[in-house]
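To start, the structure itself, in structure tokens.
Chain letters run A, B, ... following the sequence lines, proteins first, then strands; residues in each count from 1.
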Amino acid sequence: MKSTLNDLKNRVQAALAGAFGADYRDHDPLLVSTNNPKFGDYQANVAMSLAKPLKSNPRAIATQIAEHLKVSDICEPPSIAGPGFINFKLKTEYLEAQLESMHSSDRLGIATAEPPQKIIVDYPSPNIAKEMHVGHLRPAVIGECLARVVEFLGHDVQKVSHIGDWGTPFGMLIAYLQEAYPDPQAAAEASTSGELATFYRQAKKRFDEDEVFKENARQAVVKLQAGDTEVLEAWKRVCQLSKRSYRKIYDLLSISQDIVDRGESFYNPFLPAVITDLKETGLLVEDNGAQCVFLEGFTNKDGEALPMIVQKSNGGYNYSTTDLAALRYRINEDQADRIIYSTDAGQSNHFAQIFQVARRASWVPENVDLSYAPFGLVLGEDGKRLKSRSGEAVPLKELLDEAIARTRTDVENRLTAEERTESDAFIQNVAEKVGIGAVKYADLSQNRVSDYTFSYDRMLDLKGNTAPYMLYAYVRVRGISRKGEVDFAQLDAQMKLTEESEFILAKHLLQMDLVLDDVERELLPNRLCQYLFELSQKFNQFYDRCPVLQAPEPIRTSRLVMCDLTARSLKLGLFLLGIDVLERM
RNA sequence: GGAUCCUUAGCUCAGUUGGAUAGAGCAACCGCCUUCUAAGCGGUCGGUCACAGGUUCGAGCCCUGUAGGAUCCGCCA
């Protein structure tokens with residue numbers, strides 16, 4: 001199925017070439033959707049921009065372009081308005097035909113990327129010795145969404161979690177495991193059934209109260225890095241324990257199963273080469289015993305170039321070294337065409353530095369795209385970084401459980417008010433899907449780069465740009481299918497658009513491909529949220545004004561197809577956001 | 001001292017390569033359920049796009065400066 005925008009673009013370009021010569025064959029026609037329906041559906045703004053080079057007035061240019069346009073199969077005759085806008089209004093038959101081919105496509109007529117790229121998508125990088133907290137919410141939700149979008153568009157996606165699995169906090173857990181479960185059998189059992197949070201709390205307690213334990217923990221780190229077999233065994237147990245705990249939360253959040261964990265331990269063998277290769281490029285400088293690369297455009301208080309330390313004076317490596325090793329691995333071993341880094345905006349300096357060093361070392365080929373997608377902080381309602389009462393980061397589990405509990409209360413109240421009775425399993429499922437969906441949607445629906453204020457009341461609002469509103473729109477469509485006992489998939493699409501609200505909905509349905517391209521390019525999930533919110537609104541208007549099941553044929557079938565396309569678009573869109581739909585709620 | 005991001009309606013936010021009259025939601029107020037779930041729809045109210053210059057046929061968007069806010073800055077990640 002052809003994209004209307006691209007199709008029209010090509011035709012305006014052809015008209016440009018016809019009017020002003022072959023040089024204009026590839027000229028950007030500045031074709032965009034109109035922001036006001038009275039100007040039609042699309043407008044070309046190119047005439048104004050050509051006024052100066054062609055030394056003519058824009059309206060005359062627009063007229064010349066219009067004379068060469070061949071668009072009668074798609075649009076009404078184009079009109080010229082204002083200073084020189086060329087306006088296009090799509091023909092009804094064209095819209096109907098587009099809807100029919102969309103209906104017959106199992107991916108709603110959305111084309112796959114050509115050529116597909118190998119894309120690495122970042123997932124959260126927690127220190128896995130600790131329980132997941134609110135700081136991991138955004139990278140999980142955003143990473144999952146970006147991965148699903150580029151995957152749907154046909155790219156080969158590798159999901160990577162750059163976990164912290166080698167540092168000091170591990171010494172504490174290893175020492176605790178060895179102390180509390182000296183018997184290997186018991187240790188194995190504890191790591192397959194225990195809770196990471198409990199483990200961490202108890203280990204921390206021991207660490208704070210006992211000097212001997214503290215020393216044991218330090219020794220454990222040293223032994224671990226020296227490759228001591230027993231300690232390595234204990235370390236593996238702790239990693240397993242973490243993985244299980246993390247998976248539980250990821251499952252609750254519907255985060256992909258196929259994430260690859262590559263942490264500090266994974267990159268250990270590659271760290272020395274980072275230093276030796278940097279040395280070869282001549283970028284490496286020794287300063288106060290540390291190996292550094294002096295940066296361009298980053299200065300200290302005295303205006304001197306700032307170093308990026310890649311090897312500490314004690315010979316140890318740090319996060320810059322690991323990030324450089326990871327970048328190299330992704331390019332050389334994974335053969336990535338595009339690497340999507342998504343971290344909190346506080347690390348943008350750090351990544352700008354990493355990218356600079358990698359580029360200056362010529363480690364990044366021309367055709368590899370390093371996409372940096374920073375995100376803002378999660379704030380509490382006081383406008384400050386979200387913290388628990390005790391000042392610690394809020395555990396993610398608590399945050400999500402609270403959202404589910406609040407949703408459950410809402411659902412129960414509504415059921416009582418409507419005198420409906422539903423099973424406990426039904427209520428719990430709705431509470432989970434709506435509650436988790438609301439948390440994710442609240443995060444994704446805002447511009448990624450800005451900080452956002454976490455508010456249960458706002459995200460669980462049944463009205464407005466929220467997950468519940470959209471999930472309800474989906475439920476309404478499914479209700480029509482149930483009530484009318486219509487199998488949407490079996491419909492023979494013969495479209496017949498009549499009412500204004502049908503046209504509005506139809507035109508919106510046909511623009512999902514543009515939105516996904518936009519998300520792929522800009523890495524802004526809120527564009528997709530905006531699209532889905534508008535789709536829900538437009539469907540609700542259609543639902544309000546156009547009876548479906550009672551309508552006479554052929555209108556009835558046509559409207560049923562509209563319902564089906566809306567349902568499938570909502571379902572796909574929400575899926576790409578990582579949100580599950582419900583049939584009833 | 002430097003770097004990055006931000007400042008749009010009372011509140012929370014959109015605003016797509018610069019395009020026609022700057023948009024939503026919430027809150028407030030007024031309407032609409034014998035008809036597919038009213039968790040819905042329609043309407044009213046609400047703006048010096050932080051400020052000042054500049055570029056342009058055209059600026060919320062690009063450039064410069066100012067004010068305010070957030071985050072980060074040599075051996076933590």
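At a threshold of 4.0 angstrom between heavy atoms, the contacts of A/Ala290 include nucleobase atoms, whether or not backbone atoms are also involved. Within 4.0 Å (heavy atoms only), A/Val515 reaches no atom of the nucleic acid at all. Among the protein residues, A/Phe533 comes within range of the sugar-phosphate backbone only, with heavy atoms under 4.0 Å from sugar or phosphate atoms but none that close to a base. Residue-level contact check: A/Arg385 touches the backbone only, with heavy atoms under 4.0 Å from sugar-phosphate atoms and none from bases. Across all strands, A/Gln537 comes closer than 4.0 Å only to sugar-phosphate atoms, never to a base (heavy-atom distances). In this structure, A/Asn57 reaches neither bases nor backbone, as no heavy-atom distance under 4.0 Å exists between it and the strands shown. Across all strands, A/Gly484 comes closer than 4.0 Å to no nucleic acid atom at all (heavy-atom distances). No engagement by A/Leu379 is indicated, since no non-hydrogen atom pair under 4.0 Å with the nucleic acid exists. Residue-level contact check: A/Asp28 touches the bases, meaning some heavy atom is under 4.0 Å from a base atom. Within 4.0 Å of A/Val32, counting heavy atoms only, lies at least one base atom of the nucleic acid. Residue A/Cys529 is classed as having no contact, given no heavy-atom separation below 4.0 Å to the nucleic acid. A/Asn288 comes within 4.0 angstrom of a base, heavy atoms only. Within 4.0 Å of A/Asp451, counting heavy atoms only, lie sugar-phosphate atoms of the nucleic acid but no base atom. Backbone-only engagement by A/Gly479 is indicated by non-hydrogen atom pairs under 4.0 Å involving sugar-phosphate atoms exclusively.
Results of the ring pair (Phe, Tyr, Trp, His ring centres under 6.0 Å) test with A/His162 over A/Tyr123, A/Phe351, A/Tyr267 single out A/Tyr267 as the only residue that passes.
Side-chain N/O atoms of A/Asn540 include none lying less than 4.0 angstrom from OP1 or OP2 on B/G40. Between B/A27 and A/Lys463, a contact under 4.0 Å exists linking OP1 or OP2 to a side-chain N or O. An OP1 or OP2 oxygen of B/C36 is reached within less than 4.0 angstrom by no side-chain nitrogen or oxygen of A/Arg584. One finds no side-chain N or O of A/Gln541 lying less than 4.0 angstrom from the OP1 or OP2 phosphate oxygen of B/C41. The phosphate of B/A24 has neither OP1 nor OP2 within less than 4.0 Å of any side-chain N or O from A/Tyr469. A/Arg476 has a side-chain polar atom (N or O) that falls below the 4.0 Å cut-off from OP1 or OP2 of B/A38. When the side-chain nitrogen and oxygen atoms of A/Ser450 are compared with OP1 and OP2 of B/A14, one or more of them lie within a distance under 4.0 Å. Distances shown here put a side-chain N or O of A/Lys52 below 4.0 Å from the OP1 or OP2 atom of B/C57. Within the structure, every side-chain polar atom (N or O) of A/Arg458 is placed at least 4.0 Å from both OP1 and OP2 of B/A27. Put simply, A/Asn447 has no side-chain N or O that comes within less than 4.0 Å of OP1 or OP2 on B/C6. OP1 and OP2 of B/G19 both lie 4.0 Å or more from every side-chain N or O belonging to A/Gln43.
Heavy-atom contacts from other residues, nucleotides or ligands closer than 6.0 Å to CD of A/Glu485 number 12 or fewer. Within 6.0 Å of NZ in A/Lys204 there are 12 or fewer heavy atoms belonging to other residues, nucleotides or ligands.
Comparing B/A3, B/A20, B/C26 by their nearest atom to the side chain of A/Ala81 picks out B/A20. Distances were taken from every side-chain heavy atom of A/Gln550 (C-beta onward) to each of B/G2, B/A77, B/C36; the shortest belongs to B/C36. For A/Gln446, taking side-chain heavy atoms from C-beta onward, the closest of the listed nucleotides B/U12, B/U4, B/C41 is B/U12. Among the nucleotides B/U16, B/U4, B/G2, the one closest to any side-chain atom of A/Thr299 is B/G2.
Judged by distance alone with a 3.5 Å cut-off, no donor-acceptor contact links the side chain of A/Asp544 to the base of B/C41.
Distance noted for atom C1' between B/U35 and B/C41: 15 Å (whole Å). For the C1' atoms, the distance from B/U56 to B/G19 is 12 Å, rounded to whole Å. Separation of the P atoms belonging to B/G58 and B/G31 is 48 Å when rounded to the nearest angstrom. The same atom, C1', is picked in B/U12 and in B/G47; the two are 16 Å apart, to the nearest Å. Nucleotides B/U44 and B/U4, compared at atom C1', are 43 Å apart to the nearest Å. B/C11 and B/A50 have their P atoms separated by 14 Å, given to the nearest Å. The separation of B/U55 from B/G15, taken at their C1' atoms, amounts to 22 Å, rounded to a whole angstrom. Nucleotides B/C13 and B/G54, compared at atom P, are 33 Å apart to the nearest Å.
A distance cut-off of 5.5 Å between ring centres, combined with a plane angle under 30°, places A/Phe85 in a stacking arrangement with the base of B/A20. An aromatic stack links A/Phe39 and the base of B/A20, using centre distance under 5.5 Å and interplanar angle under 30°.
Protein atom CG of A/Asp382 is 13 Å distant from nucleotide atom P of B/A70, rounded to whole Å. Summarising the geometry, the separation between CG on A/Asp344 and P on B/C76 is reported as 19 Å, rounded to the nearest angstrom. What separates CG of A/Asn36 from C1' of B/G19 is a distance of 13 Å, to the nearest Å. B/A3 atom C1' lies 16 Å from atom CZ of A/Phe351, rounded to whole Å.
The aromatic rings of A/Tyr543 and A/Phe539 sit tilted relative to each other, their planes meeting at an angle between 30° and 60°.
Less than 4.0 Å separates RNA chain B from at least one heavy atom of each of the following residues of residues 308-327 of chain A: A/Ile309, A/Lys312, A/Ser313, A/Asn318, A/Tyr319.
Consecutive Watson-Crick or G-U pairing (both distances under 3.5 Å) extending over three or more pairs maps onto RNA chain B as B:1-7 with B:67-73, B:10-13 with B:23-26, B:28-32 with B:40-44, B:50-54 with B:62-66.
The backbone N or O of A/Gln43 sits nowhere less than 3.5 Å from a side-chain atom of A/Asn87 that would complete a donor-acceptor pair.
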Would A/Arg360 and A/Glu296 satisfy salt bridge (charged side-chain N to carboxylate O under 4.0 Å, His left out), going step by step from the backbone distance to the final call? CA-CA 10 Å; A/Arg360 284 166 65 198; A/Glu296 292 167 356; 3.5 Å; yes
Please step through salt bridge (charged side-chain N to carboxylate O under 4.0 Å, His left out) for the pair A/Arg138 and A/Asp443, ending with a clear verdict. CA-CA 7 Å; A/Arg138 298 207 77 182; A/Asp443 193 313; 2.8 Å; yes
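Residue order along RNA chain B, read from the 5' end via each residue's closest nucleotide, puts A/Glu522 first among A/Pro307 and A/Glu522.
Here side-chain hydrogen bond (donor to acceptor under 3.5 Å, both in side chains) pairs that include residues 519-532 of chain A, with residues two or more places apart or in two chains, are A/His155-A/Glu520, A/Asp518-A/Arg521, A/Asp518-A/Arg527, A/Gln530-A/Glu534.
Note on A/Arg385 versus A/Asp451: no salt bridge recorded, every NZ/NE/NH1/NH2 to OD/OE distance being 4.0 Å or above.
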